Amino acid sequence: MAKLNKRIYGIAGIGAYMSNWNADFTGRLKTTSTGIVFGSDKALKYSIKRYWVNQGDKVLYYKSYIVQDKGGDKAKLQPKDLTERYQEVFQTELTDKTPSKEVLKNLFSAVDVMNFGATFAVKKQNIGLTGAVQIGQGLNKYEDTNVEIQDILSPFRNANKSDADASSLGKKIVSNEAHYVYPFSVNYNHYDEYISLLDGFEGYTIEAYEKLKEGLLRGATALNTNSKAGCENELALFVTCREGSELFLPQLDSYVEVWKEGSQIIYNLVALEQFLSQFGDDIELIEVFYNPVRIAVKKETNLFAEKNIYTFEQL
């Protein structure tokens, strides 16, 4: 596995149609204090990690369950704790005497840890890994987003109410349409300090980045839960710096606008294009993937290599 030696920046666009990409604890769309709808980095990371799990990749920070037998009829389904999950994923026992080098080696073999880092504080281990990949908050760039509330009739009465004699009611809250734009960065040298500590470890790898890229292009579309059905990856842009470049870019989502013209969704990348055109000597490649049937990219030059987000073919 070859080490990645190039810094990468980008944006990921998530479309939500009659769905709820990221709810707060009341079930409503997550919003800032000023009322702007947004999706947290955790929502995007979850879609990527679930995609990896379904692909058979090794993922540590993902909920799995155990039936906790407390005797008699008190056995209950519970989420595994971090130690139990570690032992499940790496098929090895974790004890107070397990060497930290062994734990580190195992952690870096998980694709989610290699990309997003880890906080691992169990069994006398206290390991904190800042992720090579950093994802910001995804602000909804679409101004005409409305909240739709659906009443749902349960087929069962509420067993917790002794006087309940009818089926209970619930609610499903979705947006009519929203377009979240996430910024992200890939810092290839974040793990270099561990290269000398672990035999055979090369740092952040090209393979780990390719897994990330695949998740950013497919994870949301593949995530078909009840509330996420209708959410999809609709655009992703990757800025690859030249090897050895000292270019450091800010979050790129602030240079993007989204609106609709008829049924076509317009991603206005003109400001982003103008900003990135200043750094020609430092940038090796800029790729933008999108669904050409539904999405139109507004730009002024041929700075971007345009590709189909489903087929990866050149547009």
Side-chain angles (χ1 to χ4, degrees), residues 6-17 21-22 29-41 43-44 133-145 175 177-187 209 212-213 216-217 220 231-242 245-309 312 314-315:
K6 301 171 184 178
R7 192 173 292 104
I8 296 161
Y9 298 91
I11 57 171
I14 306 295
Y17 305 89
W21 169 246
N22 192 193
L29 305 183
K30 189 166 288 188
T31 60
T32 67
S33 59
T34 58
I36 299 173
V37 173
F38 77 100
S40 74
D41 61 304
L44 184 58
V133 177
Q134 295 297 319
I135 297 176
Q137 306 302 297
L139 295 181
N140 173 36
K141 299 284 185 171
Y142 185 60
E143 293 184 352
D144 294 327
T145 295
S175 62
E177 184 171 342
H179 300 278
Y180 301 86
V181 180
Y182 283 90
F184 67 86
S185 62
V186 181
N187 302 290
Y209 169 64
L212 171 73
K213 190 174 184 180
L216 287 167
L217 293 170
C231 296
E232 61 187 61
N233 301 93
E234 58 186 14
L235 181 139
L237 181 140
F238 302 86
V239 181
T240 303
C241 297
R242 296 188 189 278
S245 169
E246 292 299 319
L247 177 64
F248 294 92
L249 295 177
Q251 293 187 337
L252 300 180
D253 60 309
S254 60
Y255 297 91
V256 179
E257 295 179 317
V258 181
W259 66 77
K260 285 185 78 171
E261 294 179 0
S263 61
Q264 190 120 63
I265 301 149
I266 310 297
Y267 270 76
N268 182 7
L269 303 184
V270 172
L272 180 58
E273 183 181 43
Q274 292 172 349
F275 175 70
L276 294 175
S277 64
Q278 306 173 78
F279 312 113
D281 293 338
D282 287 292
I283 294 176
E284 179 180 287
L285 175 67
I286 305 175
E287 300 172 290
V288 58
F289 296 78
Y290 61 95
N291 174 6
V293 175
R294 176 173 268 180
I295 308 297
V297 171
K298 185 176 177 59
K299 58 188 184 58
E300 293 179 337
T301 70
N302 294 319
L303 186 64
F304 307 144
E306 299 177 63
K307 298 180 180 180
N308 188 304
I309 199 169
F312 300 165
Q314 198 82 27
L315 295 174

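Nothing here was measured: the structure is a model prediction, and the numbers come from that model.
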Roughly how far, to the nearest 0.5 Å, is [atom2] of [Y] from [atom1] of [X]?
X: C241; Y: L285; atom1: SG; atom2: CG; value: 11.0 Å
X: L269; Y: I286; atom1: CG; atom2: CD1; value: 10.5 Å
X: I265; Y: K141; atom1: CD1; atom2: NZ; value: 16.0 Å
X: T31; Y: N22; atom1: OG1; atom2: CG; value: 11.0 Å
X: R7; Y: L247; atom1: CZ; atom2: CG; value: 7.5 Å
X: E273; Y: N268; atom1: CD; atom2: CG; value: 9.5 Å

Practice problem: For the pair R294 and E232, evaluate side chain to side chain contact (heavy atoms under 4.5 Å, CB included) and give the outcome as yes or no after the intermediate values. | Solution: CA-CA 12 Å; R294 176 173 268 180; E232 61 187 61; 3.4 Å; yes
Return the minimal non-hydrogen interatomic distance between [X] and [Y], and the atom names on each side.
X: F184; Y: I11; answer: CE2-N, 3.4 Å
X: Y142; Y: E177; answer: CD2-O, 3.7 Å
X: L217; Y: A236; answer: CD2-CB, 3.7 Å
X: H179; Y: E234; answer: ND1-OE2, 2.6 Å
X: S277; Y: L303; answer: N-CD2, 4.1 Å
X: S175; Y: A16; answer: OG-O, 4.0 Å

For a 4.5 angstrom cut-off between non-hydrogen side-chain atoms, does [X] reach [Y]?
X: L235; Y: V297; answer: yes
X: L249; Y: L276; answer: yes
X: N233; Y: I14; answer: yes
X: Y180; Y: W21; answer: yes
X: E306; Y: V288; answer: yes

Quiz prompt | Atom CD of Q278: over 12 foreign heavy atoms under 6.0 Å | solution =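 It does: Q278 CD has more than 12 such atoms within range.
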Exercise. Would you kindly check if the NZ (Lys) or CZ (Arg) of K299 is within the cone defined by 45 degrees around the ring axis of F304 and under 6.0 Å from the six-membered ring centre?
Key: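 Not satisfied by the 6.0 Å and 45° rule.
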Self-check item: Side-chain donor/acceptor of Y182 to backbone N/O of S40, under 3.5 Å
Solution: yes
Quiz item: With no hydrogens and no angle check, is any side-chain donor or acceptor of E287 less than 3.5 Å from a backbone partner on K307?
Solution: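 Side chain of E287 to backbone of K307: no pair is present.
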Practice problem: Give the intermediate values and the outcome of side chain to side chain contact (heavy atoms under 4.5 Å, CB included) for residues I266 and K260. | Solution: CA-CA 6 Å; I266 310 297; K260 285 185 78 171; over 6 Å; no
Exercise. Take F289 and L216, measure what side chain to side chain contact (heavy atoms under 4.5 Å, CB included) needs, and give me the verdict at the end.
Key: CA-CA 10 Å; F289 296 78; L216 287 167; over 6 Å; no
Quiz item: Going through the distances and angles, do I309 and I295 end up as a side chain to side chain contact (heavy atoms under 4.5 Å, CB included)?
Solution: CA-CA 11 Å; I309 199 169; I295 308 297; over 6 Å; no
Quiz prompt | Listed partners of F248 passing ring-ring contact (aromatic ring centres under 6.0 Å, His included), at least two apart | solution = none
Self-check item: NZ/NE/NH1/NH2 to OD/OE distance under 4.0 Å, K6 and E284
Solution: yes
Quiz item: Is it true that K298 and E261 make a salt bridge, defined as a side-chain N closer than 4.0 Å to a carboxylate O?
Solution: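 Salt bridge between K298 and E261, a charged N being under 4.0 Å from a carboxylate O: no.
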Practice problem: Evaluate the ring planes of F275 and Y255, with Trp represented by its six-membered ring, and classify them as parallel (under 30°), tilted (30 to 60°) or perpendicular (over 60°). | Solution: parallel
